[in-house]
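Before any comments, here is the structure.
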Amino acid sequence: KLGQSLNNALKKLARASTVDKALVRDVVRDIQRALITSDVNVRLVLDLTKKIEKRALEEKPPAGVSKKEHIVKIVYEELTNFLGKEAKPIQIKAKPTVLLTVGIQGSGKTTSVAKLSRYFQKHGYKIGVVCSDTWRPGAYQQLKQLVEPYGIEVFGNPEEKNAIKLAKEGVEYFKKKEVDVIIVDSAGRHKEEKGLIEEMRQISSTINPHEVILIIDGTIGQQAYNQALAFKEATPIGSIIVTKLDGSAKGGGALSAVVATGAPIKCIGVGEKIDDLEPFDPKRFVSRLLG
Amino acid sequence: TEISEKDVENALWDLELELLEADVALEVVDELKERIKEKLVGQKVKIGTNKRNIVENAVRDAVLEVLTPEKHIDLLEMIKPKEEKPFVIVFVGFNGGGKTTTIAKLANWLKKNGLSVVIAASDTFRAGAIEQVEEHAKRVGVKVIKHGYKSDPAAVAYDTIEHAKARGIDVVLVDTAGRNELNRNLMDEMKKIVRVTKPDLVIFVGDALAGNAIIEQARQFNEAVKIDGVILAKLDADARGGAALSIAHAIGAPILFVGVGQGYDDLIPFDEKWILEKIFG
Ligand SMILES: Nc1nc2c(ncn2[C@@H]2O[C@H](COP(=O)(O)OP(=O)(O)OP(=O)(O)O)[C@@H](O)[C@H]2O)c(=O)[nH]1
Ligand SMILES: Nc1nc2c(ncn2[C@@H]2O[C@H](COP(=O)(O)OP(=O)(O)OP(=O)(O)O)[C@@H](O)[C@H]2O)c(=O)[nH]1
Ligand SMILES: [Mg+2]
Ligand SMILES: [Mg+2]
């Protein structure tokens with residue numbers, strides 16, 4: 001219903017014959033509310049809408065483009081500035097390519113590892129999955145139950161308490177088996193758990209992955225920026241997967257994660273099943289943010 | 001002199017930002033602003049009064065008002081006098097919010113308070129769900145009743161209640177699968193579990209890190225089954241606690257506990273004043 005008010009504001013602007021400062025302010029205010037309700041970082045929203053308002057008042061729409069179309073185009077441009085114009089896929093170049101998933105508790109890492117492994121398998125790659133989560137009860141079983149039906153092997157050891165050792169052994173095991181892609185799942189952690197953040201830093205520096213993938217829960221609110229920053233300070237982040245976008249959440253928190261890590265969003269999770277993974281589409285994501 | 005609408009709006013500007021950054025949903029902030037305006041505009045004050053302080057105190061009072069539930073639930077006071085055992089609690093919530101871990105923590109807490117507990121493994125869908133709850137239960141020292149994957153969650157819960165009746169066990173905690181509020185089938189499945197088990201309490205477990213989406217989650221869940229109480233998990237992740245305000249405003253159910261870590265003792269009773277201080281940084 002926020003999309004409704006934004007549409008109404010834009011309609012008012014379309015009917016106006018001159019650039020009315022008050023009208024532009026109305027539209028910008030509605031954009032702010034839409035973005036905040038979509039969980040985009042509040043300060044980021046204020047910065048963005050300042051830019052949008054300035055451009056809307058100063059720029060002349062090109063010939064044949066209405067004021068309304070011009071403003072919508074400005075909004076999309078400012079938002080896709082962060083997100084990139086089109087999605088980049090995860091590259092499988094080296095043999096083997098080693099991927100590591102990291103993220104906050106419950107964000108969807110294990111499920112996303114399963115989805116990714118199935119996705120690559122369908123593209124003809126041989127996959128090895130490593131469970132390096134030594135904290136969560138049943139983590140190894142969860143991963144096994146998800147991917148073994150597809151003939152994908154999982155390396156794990158519920159008895160092993162050292163996550164770094166486990167990750168290293170898993171990667172070496174699959175390197176010997178000459179797989180194309182090795183995906184390492186790790187335990188959930190957040191920025192206040194300094195010991196776990198250090199563990200992640202060590203896992204990453206030990207197995208030296210080609211890409212560290214930060215899994216972001218689509219429902220995350222204003223904490224997204226600070227959390228993503230803490231992950232990035234411990235290990236460089238190569239890409240982001242935003243999960244649970246099949247719910248009511250718009251995923252605005254992911255925008256903050258992009259800004260904090262400098263990493264692009266490559267895929268989104270749209271359900272609990274193994275095929276519920278889609279390539280990231282910046283345009284669709286932005287129109288969802290705007291309601 | 002009197003307080004004008006302008007005075008209130010000026011004072012509210014940074015307070016509003018503060019609340020939004022603390023994860024209080026936008027519609028709740030709107031509602032609070034309306035309440036404050038109604039209460040303060042036109043109010044007579046002495047010349048030289050710090051109007052900003054008046055507004056700030058009014059906001060604090062309004063927030064405390066939303067956080068303080070109409071009915072306060074004291075779990076032990078509810079369970080102990082109940083004649084006909086067991087006391088049944090069904091846990092529901094969105095994917096990954098912390099239900100299973102919270103159940104383990106609550107089982108631990110109940111045991112420490114002298115009550116016997118049995119857990120129903122009614123998440124028969126998610127990979128590893130049964131192994132996860134079994135391991136937690138083993139560590140806490142309580143029994144789990146399970147049927148296996150793809151079995152009927154309501155049947156597992158029913159079985160567990162029968163087991164508890166036969167052995168005089170005080171409390172049954174029913175773990176259910178995470179579900180998406182937009183999934184019609186899963187919402188119906190949850191309704192069925194509640195219909196079959198006729199629980200004493202239905203508890204919604206929410207993620208303290210969630211933003212505005214938690215309002216829609218809480219509303220849809222409450223629409224499907226009446227939510228009697230809420231537990232907010234992962235507050236230790238430096239969540240400012242605004243989610244507590246959003247949920248309280250959306251469905252009015254009392255928040256019973258907050259999860260502050262992954263250990264079995266990391267479950268503390270909800271304290272409105274403590275959350276108030278967290279929200280105001
Ligand atoms: N609706 C929905 N649920 C999802 C999605 N991705 C994951 N989930 C669910 O979210 C819950 C948590 O997923 P996990 O994969 O266990 O999350 P995790 O990050 O590995 O959790 P930890 O290892 O405990 O940190 C599970 O119920 C998943 O089925 C998604 O895209 N949509
Ligand atoms: N730091 C922290 N982590 C928590 C807390 N509560 C739960 N977790 C973690 O969050 C993750 C998800 O918890 P679960 O108990 O599996 O959540 P769930 O709601 O049962 O998930 P699904 O059944 O998949 O929907 C696990 O890694 C838990 O250890 C908490 O209060 N603090
Ligand atoms: Mg996991
Ligand atoms: Mg669970």
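Just so we're on the same page: letters track the sequence lines, and every chain starts at 1.
Here the closest non-hydrogen pair linking B/Asn212 and A/Ile36 is ND2-O, 3.2 Å. Shortest non-hydrogen contact noted between A/Glu193 and B/Asp236 is OE2-OD2, 4.0 Å. When all heavy atoms of A/Lys191 and B/Asp238 are compared, the closest pair comes out as NZ-OD2, 2.7 Å. Across A/Leu146 and B/Ala127, no two heavy atoms sit closer than the pair CG-CB, 3.7 Å. Between B/Ala237 and A/Gln227 the shortest heavy-atom distance is O-NE2, 2.8 Å. For A/Ser248 against B/Glu216, the heavy-atom pair with the smallest separation is OG-CG, 3.3 Å.
A 4.5 Å side-chain heavy-atom check between A/Leu46 and B/Leu17 finds at least one atom pair inside the cut-off. Side-chain contact between A/Gln145 and B/Arg126 is absent, with no heavy-atom pair separated by less than 4.5 Å. At least one side-chain heavy atom of B/Asp30 sits under 4.5 Å from a side-chain heavy atom of A/Arg33. A 4.5 Å side-chain heavy-atom check between B/Arg139 and A/Pro137 finds at least one atom pair inside the cut-off.
For chain A, the nearby part of B/Glu181 is the side chain; its heavy atoms alone come within less than 4.5 Å. Contacts of A/Ile274 with chain B are absent, with no heavy-atom separation under 4.5 Å from either backbone or side chain. Residue contact with chain B, scored on non-hydrogen atoms closer than 4.5 Å, involves the backbone and the side chain of A/Gln223 alike. Only the side chain of A/Arg136 comes within less than 4.5 Å of a heavy atom in chain B; its backbone stays farther off.
Within a 6.0 Å radius of NZ in B/Lys191, more than 12 heavy atoms belonging to other residues, nucleotides or ligands are found. Within 6.0 Å of NZ on A/Lys161 lie more than 12 heavy atoms contributed by other residues, nucleotides or ligands. More than 12 non-hydrogen atoms from other residues, nucleotides or ligands lie less than 6.0 angstrom from CD of A/Glu192. The number of heavy atoms from other shown groups lying within 6.0 Å of OH (A/Tyr119) does not exceed 12. Within a 6.0 Å radius of NZ in B/Lys278, other residues, nucleotides and ligands contribute more than 12 heavy atoms.
The candidate with the highest count of non-hydrogen atom pairs below 4.5 Å against chain A, out of B/His136, B/Glu131, B/Glu135, is B/Glu131. The choice from B/Gln220, B/Lys234, B/Arg240 that makes the most heavy-atom pairs within less than 4.5 Å of chain A is B/Lys234. Chain A forms more heavy-atom pairs under 4.5 Å with one residue of B/Asp207, B/Ile214, B/Asn95, B/Val133 than with any other, namely B/Asn95. Across A/Gly247, A/Gly271, A/Ala249, A/Gly138, the residue that shares the most heavy-atom pairs under 4.5 angstrom with chain B is A/Gly247.
Between atom NZ of residue A/Lys244 and atom CZ of residue B/Phe94 there is a gap of 6.0 Å, rounded to the nearest 0.5 Å. Taken from CD in A/Glu272 to CG in B/Leu186, the straight-line distance is 7.0 Å, to the nearest 0.5 Å. The CG atom of A/Asp39 sits 10.5 Å away from the CG atom of B/Leu20 when rounded to the nearest 0.5 Å. How far CD of B/Gln132 is from CD of A/Gln142: 7.0 Å, rounded to the nearest 0.5 Å.
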Open item on the list: Between B/Leu209 and A/Ile104, is the side chain to side chain contact (heavy atoms under 4.5 Å, CB included) condition met? List the steps.
Closed with: CA-CA 10 Å; B/Leu209 288 170; A/Ile104 297 176; 3.7 Å; yes
Open item on the list: With side chain to side chain contact (heavy atoms under 4.5 Å, CB included) as the criterion, how do A/Gln105 and B/Gln262 come out once you've worked through the C-alpha distance, each side chain's angles and the decisive distance to 0.1 Å?
Closed with: CA-CA 10 Å; A/Gln105 286 88 346; B/Gln262 300 185 83; 2.8 Å; yes
